[in-house]
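Notes for the one structure printed next.
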Amino acid sequence: MKKLFGSIDFKWPRLLAFAVIAGVYTGVMAMLPAARDTSFADISISFEWWILFGILIIVNSKTPWDSALKCFAFFLISQPLAYLVQVPFSSLGWGIFGYYRNWIVWTLLTIPMGFVGYYMRKNKWWSLTILLPMMAFVGFHYAGFLREAYSFFPNHLLSALFCAATVILYPLYIFREKKLKTAGLVFGVLILLAATVFALASGRQVYSTTVLISGSSQGAEFDDTYTAYLEDPSYGDVRIEYEEGIECFIVNADLTRTGKTKLILESPDGERSVFSLRIYRDSYRIEKITGP
């Protein structure tokens with residue numbers, strides 16, 4: 001671990017290869033169906049891994065400008081490449097680069113951040129003030145992932161654990177001065193405690209949506225005399241309601257897990273219509289599998 005934080009010879013060819021690998025991996029995880037709603041896809045939508053990559057480049061650089069230019073080059077290559085990998089497979093085609101606009105700003109900011117970040121290696125009291133914002137930012141991600149794992153377990157649990165681990169490890173392995181290590185560890189623990197309290201106090205998240213409309217293309221006709229329920233109630237709750245805006249009955253759902261279950265509509269005389277319901281974090285897919 002100590003070699004990772006200060007003893008890697010990040011020559012330019014190695015840095016460029018690292019950027020290509022990171023970009024390709026990110027692009028693959030972003031579009032891999034098996035990675036959807038998991039920690040493996042988080043690298044494509046959040047910062048925790050990119051903060052680690054940036055810190056590794058910074059602590060293994062020779063000068064402030066070496067750090068700044070290498071951070072800039074790494075992000076300038078890896079981020080567009082992550083979108084380029086997805087172009088042939090995305091329905092948006094080249095339009096997927098619209099998501100890159102925010103990353104352009106972050107890529108430009110890596111120049112001053114890489115330059116200033118280099119001074120963490122000086123092991124002065126102000127070195128900790130440079131690291132603390134990054135630790136707090138990772139702590140913010142930790143809170144989000146922890147709440148997701150608490151709400152849709154085990155989704156994003158690995159990302160929450162990764163964030164917690166790096167918040168603790170950064171000061172222990174970046175600094176050589178014992179007082180800085182101790183102070184950094186104390187701040188890290190406080191950040192994680194505050195983030196944990198915030199995440200748990202915020203309560204569980206629920207995906208609320210309409211999963212079925214009477215008379216829709218799914219072939220279901222129902223009213224408030226019918227009963228709706230999920231085969232596995234651990235996935236959440238469903239109920240039949242009347243929607244004034246479209247003047248028909250609908251099945252609304254409060255979903256608490258991702259995965260696959262069955263939605264069952266039962267008429268007053270006991271006839272059932274069964275639907276396969278695939279639940280994602282913020283979308284779903286429903287198909288009728290039996291007739292009434």
Side-chain angles (χ1 to χ4, degrees), residues 1 4-5 21-23 25-56 75 78-79 82-83 86 99-100 102-103 105-106 109-110 113 131-174 184-209 234-236 254-260 278-284:
M1 188 69 77
L4 196 64
F5 285 87
I21 293 171
Y25 176 81
T26 301
V28 171
M29 289 298 106
M31 61 184 176
L32 195 66
R36 183 171 180 174
D37 296 324
T38 73
S39 298
F40 296 99
D42 288 335
I43 190 173
S44 65
I45 55 177
S46 56
F47 288 86
E48 66 285 349
W49 277 99
W50 301 101
I51 291 172
L52 173 62
F53 297 156
I55 286 178
L56 290 180
F75 281 86
S78 60
Q79 293 305 312
Y83 293 104
Q86 300 177 64
Y99 294 107
Y100 179 56
N102 293 334
W103 278 106
V105 176
W106 284 105
L109 288 175
T110 59
M113 289 191 294
L131 180 61
L132 277 177
M134 289 182 274
M135 293 172 60
F137 196 29
V138 177
F140 171 79
H141 282 65
Y142 163 76
F145 290 134
L146 181 62
R147 192 179 181 204
E148 283 290 314
Y150 173 56
S151 303
F152 296 92
F153 186 85
N155 294 19
H156 306 286
L157 178 61
L158 291 178
S159 289
L161 294 174
F162 173 82
C163 289
T166 52
V167 165
I168 296 299
L169 291 176
Y170 285 149
L172 295 181
Y173 285 95
I174 290 174
L185 179 61
V186 170
F187 277 113
V189 170
L190 291 175
I191 288 170
L192 294 179
L193 285 175
T196 300
V197 170
F198 173 79
L200 298 182
S202 298
R204 296 186 64 176
Q205 298 193 82
V206 175
Y207 172 38
S208 297
T209 186
S234 69
Y235 281 91
D254 294 323
L255 304 171
T256 57
R257 284 179 58 192
T258 58
K260 190 174 182 180
R278 178 70 190 188
I279 305 165
Y280 302 103
R281 175 58 184 88
D282 52 9
S283 63
Y284 66 91

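One finds the OH atom of Y207 at 9.0 Å from the CZ atom of R281 (value rounded to the nearest 0.5 Å). L158 CG to T38 OG1: the interatomic distance, rounded to the nearest 0.5 Å, is 8.5 Å. Between atom OG1 of residue T258 and atom CG of residue D282 there is a gap of 11.0 Å, rounded to the nearest 0.5 Å. Distance check: L190 CG to M135 CE gives 9.5 Å after rounding to the nearest 0.5 Å.
Contact record, T26 with A22: OG1-O, 2.7 Å, taken as the closest heavy-atom pair. Of all heavy-atom pairs between S39 and S159, the closest is OG-N, 3.0 Å. Summarising the geometry of A35 relative to A41, their closest heavy-atom pair is O-CB, 3.3 Å, with the distance given to 0.1 Å. Minimum interatomic distance between A143 and A199 (heavy atoms only, all atoms of both residues): O-CB, 3.4 Å.
By the 4.5 Å heavy-atom criterion applied to side chains, C163 and F145 are counted as neighbours. With a 4.5 Å cut-off on side-chain heavy atoms, Y83 and W103 count as touching. Proximity of S44 to Q86: side-chain heavy atoms (C-beta onward) are nowhere separated by under 4.5 Å. Taking 4.5 Å as the limit, every side-chain heavy atom of E48 sits out of range of all side-chain heavy atoms of T166. At a threshold of 4.5 Å between non-hydrogen side-chain atoms, the residues V138 and L52 do not count as touching. T209 is listed as a side-chain neighbour of Y284, based on a closest heavy-atom distance under 4.5 Å. Side-chain contact between Y170 and I51 is present, with heavy atoms from C-beta onward closer than 4.5 Å. By the 4.5 Å heavy-atom criterion applied to side chains, Y142 and T196 are counted as neighbours.
In this structure, D254 contributes its side chain and V206 its backbone to no donor-acceptor pair below 3.5 Å. Here the side chain of R257 pairs no donor or acceptor atom with the backbone of Y235 at under 3.5 angstrom. In this structure, the side chain of T256 engages the main chain of S234 through a donor-acceptor pair within 3.5 Å. Here the side chain of R147 pairs a donor or acceptor atom with the backbone of G203 at under 3.5 angstrom.
Taking a 6.0 Å sphere around CZ of F137, one finds it holds more than 12 heavy atoms contributed by other residues, nucleotides or ligands. Around atom CZ of F198, no more than 12 heavy atoms belonging to other residues, nucleotides or ligands sit under 6.0 Å away.
In this structure, W50 has its ring center at least 6.0 angstrom away from the ring center of F47.
Ring planes of F53 and W49: tilted class, angle from 30 to 60°.
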Residue pair S283, R36: steps toward the side-chain contact (heavy atoms from CB on, under 4.5 Å) verdict: CA-CA 11 Å; S283 63; R36 183 171 180 174; 2.7 Å; yes
Show your reasoning for whether side-chain contact (heavy atoms from CB on, under 4.5 Å) applies to W106 and M113. CA-CA 10 Å; W106 284 105; M113 289 191 294; 4.2 Å; yes
